Amino acid sequence: MTVRSKWSFSVNALLISALLLLGTRLAFGRASPQNAVAGSETATQCASCHQEVVSHFYTTRHGKADKFQAWGSFSGCASCHGDTQQHAESGDPSLVSKPDSSSNGWCLSCHNNQHSQNFWGGSAHDTGKVSCLSCHSIHKAKSAEKLLAKATVNEGCLSCHVEVKKSQTQRSTHLFRDEWRNQLMKCTDCHSPHGSQTAKMIKAGSVNESCLACHMEKRGPFLWQHSPVQENCLTCHAAHGSNNASLLVARTTQLCQSCHMQGRHQTVAGKPNSAWVFNRSCLNCHAQIHGSNHPSGPVLMR
C-alpha cells in the first residue's frame, strides 16, 4: 500500500468515526423529555406530572448534583419532599412534604457542614425567623448564583431592608451602579447573610477591618493618629449612603465641631463667607484627616 493510499484510508476512517459519533449523539438527543431531565428514579416519576418543575430544577446546581450524583447522597425529589410513592399513586398533595418557612432543617441537613453556615444558629436572620426560602428558590431560581429567588443579591436584601434602599439615590453611596444600572458592589461584599461573629453580620472581624480591606491607604499606622479613625469608621461615615460628600454623617463643619468646639481659631459657625465654613471647611487646612506621617503634622495639616 502506497503512502497516498494509507493517507486516504486514515482520512476515511476518521470521517466514518465522526459520522458514527454524530449519529449516536442525535439518537440520544431524541430521548423523551422526561428521561432527558430526570437524574434519579423518583425525579423521573415526578416528571410525569410536574414536567416543567423538574425541567427547571435540573438546570440548577441542585439538579445537576442529583443528575450526576455529585455527592452520592441525593435521591431526586424525595431529598426534600420525602417518600413520594403514595402521593404519585393517589395524587393527594397532602401525602408529600412541602418545605416552607419553617423548613431550614431540610436545607441544613446537607449544608450544615459548610463554613458559611457556621454562625447561622442565633444569627439575626435565624432569630428573625428568616427562612432559606426567603432568599433562595429551589426549583426555578431567578439567578443561577446561589439559587437566588431574586435577580440579584442586592434586590433580595433590599426587599426586606428598605431603610437601606434609599442610599442608592443619595449623593454618595456604596451601592453605586454603572451606566447600565448594574450594581457594582453587593451587600454580601461586607455582610454574611448566614451569620458571623461580628455585629450587623459583617464578614470581617470589625467594621474597620471591613472598610480597610478596600480603603488600604487609610490603614496606618500613622505617626500622628486621629483617634476617631482608629476607633470606628462609622463615627464619621455612613456605611450605605449619605447626602453629604464622602458618605459623611454630617456636613464637614458640623461633623468636626461635634468634637472640636474650642481651639486657637474660630470653630463655631460664623458668616456665610467665613474661611472655616465654605468649600471643604476644616479640610481646607487639615487635609490629612485620617492620619499623618509628616514630622510636622500633629494637627493633620500635612
Side-chain angles (χ1 to χ4, degrees), residues 56-57 59-64 99-101 103-104 107-108 111 114-218 232-250:
H56 286 302
F57 174 72
T59 62
T60 68
R61 60 177 61 188
H62 277 163
K64 292 175 182 177
D100 52 23
S101 59
S103 63
N104 290 347
C107 301
L108 293 175
H111 294 282
Q114 296 178 344
H115 176 71
S116 59
Q117 318 300 335
N118 286 348
F119 302 103
W120 171 258
S123 68
H125 280 165
D126 179 32
T127 56
K129 305 300 181 183
V130 175
S131 165
C132 301
L133 298 181
S134 300
C135 302
H136 301 281
S137 177
I138 304 303
H139 297 120
K140 188 178 180 181
K142 289 189 177 180
S143 172
E145 181 184 6
K146 306 297 184 182
L147 294 175
L148 296 177
K150 300 290 185 180
T152 64
V153 171
N154 287 4
E155 186 179 337
C157 297
L158 297 177
S159 63
C160 290
H161 300 279
V162 292
E163 75 283 0
V164 179
K165 194 171 184 177
K166 65 180 177 59
S167 65
Q168 297 180 92
T169 56
Q170 291 182 291
R171 176 182 178 181
S172 55
T173 176
H174 263 149
L175 299 176
F176 48 86
R177 294 169 288 185
D178 60 17
E179 57 270 30
W180 294 285
R181 300 181 66 80
N182 296 319
Q183 292 176 334
L184 303 179
M185 188 171 181
K186 298 181 293 186
C187 302
T188 51
D189 290 338
C190 297
H191 300 278
S192 175
H194 301 109
S196 74
Q197 300 181 83
T198 316
K200 304 296 184 181
M201 303 175 78
I202 294 175
K203 283 183 174 180
S206 66
V207 171
N208 279 19
E209 186 178 333
S210 181
C211 297
L212 296 174
C214 293
H215 303 280
M216 292 178 287
E217 74 283 1
K218 308 294 192 301
N232 196 327
C233 299
L234 299 183
T235 301
C236 299
H237 298 279
H240 299 108
S242 170
N243 285 327
N244 302 298
S246 302
L247 291 99
L248 293 175
V249 297

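Values reported hereafter were calculated over all heavy atoms of this structure, with side chains retained and with hydrogens, waters and symmetry mates removed. These numbers come from a predicted model, not from an experiment.
Among all heavy-atom pairs drawn from Cys233 and Asn208, the shortest one is N-OD1, 2.8 Å. The minimum heavy-atom distance linking His174 with Ala239 is given by the pair ND1-O, 2.5 Å. Between Gly156 and Lys150 the shortest heavy-atom distance is CA-CG, 3.5 Å. The two residues Leu248 and Ser242 make their nearest non-hydrogen contact at O-OG, 2.5 Å. Here the shortest heavy-atom pairing between Thr198 and Ala204 reads OG1-O, 2.5 Å. Scanning both residues, Ser206 and Glu209, for their nearest heavy atoms gives OG-N, 3.2 Å.
In this structure, the separation between NE2 on His240 and SG on Cys187 is 6.5 Å, given to the nearest 0.5 Å. To the nearest 0.5 Å, atom CZ of residue Arg61 and atom NZ of residue Lys146 are 5.5 Å apart. The NE2 atom of His62 sits 11.0 Å away from the OG atom of Ser137 when rounded to the nearest 0.5 Å. Lys186 contributes atom NZ, which lies 12.5 Å from atom CG of Leu175 (distance to the nearest 0.5 angstrom). Atom OG of Ser167 and atom CG of Leu158 lie 7.0 Å apart (nearest 0.5 Å). The structure places CG of Leu212 at 9.0 Å from OG of Ser210, a figure rounded to the nearest 0.5 Å.
Contact annotation: the side chain of His237 never approaches that of Val249 to less than 4.5 Å [non-hydrogen atoms, C-beta and beyond]. Residues Lys203 and Ser196 have side chains not in contact (no heavy-atom distance under 4.5 Å, counting atoms from C-beta outward). Annotation: side chain of Glu155 is not in contact with side chain of Lys142 (no heavy-atom distance under 4.5 Å). Side-chain contact between Pro193 and Thr188 is present, with heavy atoms from C-beta onward closer than 4.5 Å. In this structure, Leu247 and Thr173 have side chains that are not in contact, with every pair of non-hydrogen atoms separated by 4.5 Å or more.
With hydrogens and angles disregarded, no donor-acceptor distance shorter than 3.5 Å links the side chain of Asn104 to the backbone of Ser131. Although no hydrogens or angles enter the test, the distance criterion places no donor-acceptor pair under 3.5 Å between the side chain of His139 and the main chain of His56. Within the 3.5 Å criterion, the main-chain N or O of Met185 finds a donor-acceptor partner in the side chain of Asn154. Between the side chain of Ser172 and the backbone N or O of Ala245, no donor-acceptor pair lies under 3.5 Å. With hydrogens and angles ignored, the 3.5 Å screen pairs a side-chain donor or acceptor of Thr60 with a backbone N or O of Phe57.
Using cut-offs of 30° and 60° on the angle between ring planes, the pair His194 and His136 is parallel.
Counting heavy atoms of neighbouring residues, nucleotides and ligands inside a 6.0 Å radius, atom NZ of Lys218 exceeds 12 of them.
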